[in-house]
Number of protein chains: 2
Amino acid sequence: MDRFVSTFTNKIDAKGRVSIPAPFRAVLERDGYGGGIYCYPSLDAPALDAGGERLAQKIDGLLAGLPDYSDERDELSVALYGDVQVLAIDGDGRIVLPQPLRTHAGLQSEVTFVGLGEKFQMWAPERFDERRRAAREKVQEHRKLLGRAARSDGSEGDGA
Amino acid sequence: MDRFVSTFTNKIDAKGRVSIPAPFRAVLERDGYGGGIYCYPSLDAPALDAGGERLAQKIDGLLAGLPDYSDERDELSVALYGDVQVLAIDGDGRIVLPQPLRTHAGLQSEVTFVGLGEKFQMWAPERFDERRRAAREKVQEHRKLLGRAARSDGSEGDGA
DNA sequence: TGGATAATCATGGGCGTCAATGGATCGTTA
DNA sequence: TAACGATCCATTGACGCCCATGATTATCCA
């Protein structure tokens with residue numbers, strides 16, 4: 001199994017360190033681990049996107065299609081690479097979140113890790129709760145359309 | 001890993017020296033380091049482009065595609081080579097930015113190093129923030145076009 | 001089946017190393 | 001000799017690395 005699933009909430013300690021949930025670490029290790037995870041601010045949410053090599057290659061793939069020295073490439077490069085931070089994982093499976101990233105996601109003392117398949121997100125727990133509540137409502141609406149819904153409600157299980 | 005990634009902000013001291021971020025130095029050393037970095041004003045941004053041997057070869061490659069003695073080649077040669085400076089790296093991993101380059105990028109007391117894969121840029125922090133903000137907006141627009149390549153946060157229906 | 005034991009994982013703290021930064025020294029040159 | 005540049009040295013603060021603790025879960029045996 002190579003996907004990030006489930007949600008976990010861990011604490012940020014005095015040094016700004018957070019443990020990556022062990023199941024996520026296991027996925028990262030299978031995913032050609034290159035010394036760290038790739039992390040950047042989510043484009044449309046107060047959260048951080050993160051993943052391993054597979055995610056990095058996806059970003060490269062986006063740029064590979066554009067000609068060198070084109071305006072689009074330059075802009076996309078700045079937007080994609082410019083925001084990306086490579087976060088080293090220490091011997092205990094923890095990362096340090098730099099201040100700019102913490103600010104974007106509004107992270108204070110806890111981080112909720114949300115598995116999204118090939119990548120995962122990091123949220124401030126309160127904001128994620130809010131988001132999840134909104135998502136539930138939408139799912140309720142879609143349910144009628146989807147018939148038997150894709151997920152009955154497996155999205156909780158976070159340890160908080 | 002052979003690419004410049006992440007962003008770092010370092011200070012310019014009274015003598016005009018700046019430390020190159022250690023991770024970037026590591027990339028430069030692997031990249032056939034020849035005693036200095038190639039640096040020139042970005043063609044379309046108030047920033048400086050820089051890199052090692054690989055970047056130099058890329059510039060050569062661009063020119064190689066144009067016929068000798070053509071106007072385009074002459075112009076491009078001047079545009080590309082004309083402003084290139086080879087900046088020596090001192091024993092502590094620092095470079096000195098000549099005044100013309102600093103002027104082009106509007107560098108005052110701090111420099112933001114932005115990894116862009118095969119090269120990196122140096123920005124005045126304020127200008128980079130501005131540029132990044134603009135780039136992110138554009139990416140949001142393009143996002144639908146990029147579609148499943150960029151996003152995987154399928155809020156419903158997990159990734160394949 | 002229940003309890004004891006072992007293993008895994010999150011969390012906190014201490015310590016050594018390295019990088020960034022500032023200053024001093026030496027050599028070169030006008 | 002004065003000014004500039006380049007190399008070297010020192011300080012400080014951050015980061016990586018190691019170990020200890022506690023809690024929860026899984027395993028094994030009685």
Side-chain angles (χ1 to χ4, degrees), chain A residues 1 4-30 33-37 39 50 85-103 107-115 120 122-125 156-160, chain B residues 1 4-30 33-37 39 50 85-102 107-115 120 122-125:
Chain A
M1 200 247 289
F4 299 101
V5 289
S6 287
T7 75
F8 307 86
T9 297
N10 289 339
K11 288 181 188 170
I12 302 179
D13 70 13
K15 296 182 183 177
R17 298 177 297 183
V18 203
S19 288
I20 297 175
F24 286 13
R25 267 176 354 230
V27 175
L28 287 170
E29 274 164 21
R30 282 194 212 95
Y33 171 66
I37 67 172
C39 182
Q85 300 270 336
V86 177
L87 305 181
I89 302 179
D90 71 16
D92 298 327
R94 286 182 284 195
I95 55 173
V96 177
L97 292 169
Q99 193 56 50
L101 290 180
R102 266 198 271 175
T103 301
L107 300 176
Q108 300 290 337
S109 62
E110 288 190 324
V111 182
T112 296
F113 293 78
V114 184
F120 62 90
M122 288 174 271
W123 287 77
E156 42 273 295
D158 77 271
Chain B
M1 202 242 292
F4 299 102
V5 286
S6 287
T7 75
F8 307 87
T9 297
N10 289 339
K11 289 181 187 170
I12 302 179
D13 70 13
K15 300 180 184 174
R17 298 177 296 182
V18 203
S19 288
I20 297 176
F24 286 13
R25 275 184 338 239
V27 175
L28 287 169
E29 275 164 21
R30 282 195 212 95
Y33 170 66
I37 66 172
C39 182
Q85 301 266 338
V86 178
L87 305 181
I89 301 179
D90 71 16
D92 298 329
R94 287 183 283 197
I95 55 174
V96 176
L97 291 169
Q99 193 56 49
L101 290 180
R102 265 200 271 175
L107 300 176
Q108 301 289 337
S109 62
E110 288 190 324
V111 182
T112 296
F113 293 78
V114 185
F120 63 89
M122 288 174 273
W123 288 76

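Chain letters run A, B, ... following the sequence lines, proteins first and then strands; every chain starts at 1. Values below: all heavy atoms of this structure, side chains included; hydrogens, waters and symmetry mates excluded. Note that this is a predicted model, so its numbers are computed, not measured.
Using modelled atom types, one finds no donor on one side chain facing an acceptor on the other under 3.5 Å when comparing Thr112(B) with Thr7(B).
Across all strands shown, Ile20(A) has heavy atoms under 4.0 Å from sugar-phosphate atoms exclusively, and none from any base.
Scanning for side-chain contact (heavy atoms from CB on, under 4.5 Å) contacts around Lys15(A) gives Asp13(A), Arg17(A), with sequence neighbours left out. With sequence neighbours excluded, the residues that form a side-chain contact (heavy atoms from CB on, under 4.5 Å) with Pro98(B) are Gln85(B), Leu87(B), Pro100(B), Leu101(B). Phe24(B) is linked by a ring pair (Phe, Tyr, Trp, His ring centres under 6.0 Å) to Phe4(B), Phe8(B), Phe120(B), counting only residues two or more places apart in sequence or in another chain. Contacts of Thr103(A) classified as side-chain contact (heavy atoms from CB on, under 4.5 Å), with partners at least two apart in sequence or in another chain: Gln99(A). Val18(B) meets the side-chain contact (heavy atoms from CB on, under 4.5 Å) test with Asn10(B), Ile12(B), Leu97(B), Val111(B), Phe113(B); sequence neighbours excluded. For Asp92(A), the side chain to side chain donor-acceptor pair (under 3.5 Å) partners two or more places apart in sequence, or in a different chain, are Arg94(A).
Contact footprint of chain B on DNA chain D: nucleotides with an atom under 4.0 Å from a non-hydrogen protein atom, first to last in 5' to 3' order, dA6(D) to dC9(D). Taking the 5' to 3' direction, DNA chain C first and last meets chain B under 4.0 angstrom from a heavy atom at dA19(C) to dA24(C).
Side chains of Val96(B) and Asp90(B) form no contact here, defined as non-hydrogen atoms less than 4.5 Å apart. Side-chain contact between Ile20(A) and Met122(A) is absent, with no heavy-atom pair separated by less than 4.5 Å.
Looking at every heavy atom in both residues, Thr9(A) comes nearest to Pro125(A) through CG2-CG, 4.2 Å. The two residues Val86(A) and Ser6(B) come nearest to each other via the heavy atoms N-OG, 2.8 Å.
With a 6.0 Å radius and a threshold of 12 heavy atoms from other residues, nucleotides or ligands, Glu110(B) has its CD atom above the threshold.
Residue pairs that meet the salt bridge (Lys or Arg N to Asp or Glu O under 4.0 Å) test with at least one member in residues 19-29 of chain B, sequence neighbours left out, do not exist here.
Taking five base pairs at each end of the helix from dT1(C)-dA30(D) to dA30(C)-dT1(D) and finding the rotation axis that steps the C1' atoms of four pairs onto the next four gives two axes whose angle is 20°, to the nearest 10°.
Near DNA chain C, meaning a heavy atom under 4.0 Å away, the residues from residues 11-18 of chain B are Lys11(B), Asp13(B), Lys15(B), Arg17(B).
For the pair Arg94(B) and Gly91(A), nearest-nucleotide mapping onto DNA chain D gives the more 5' position to Arg94(B).
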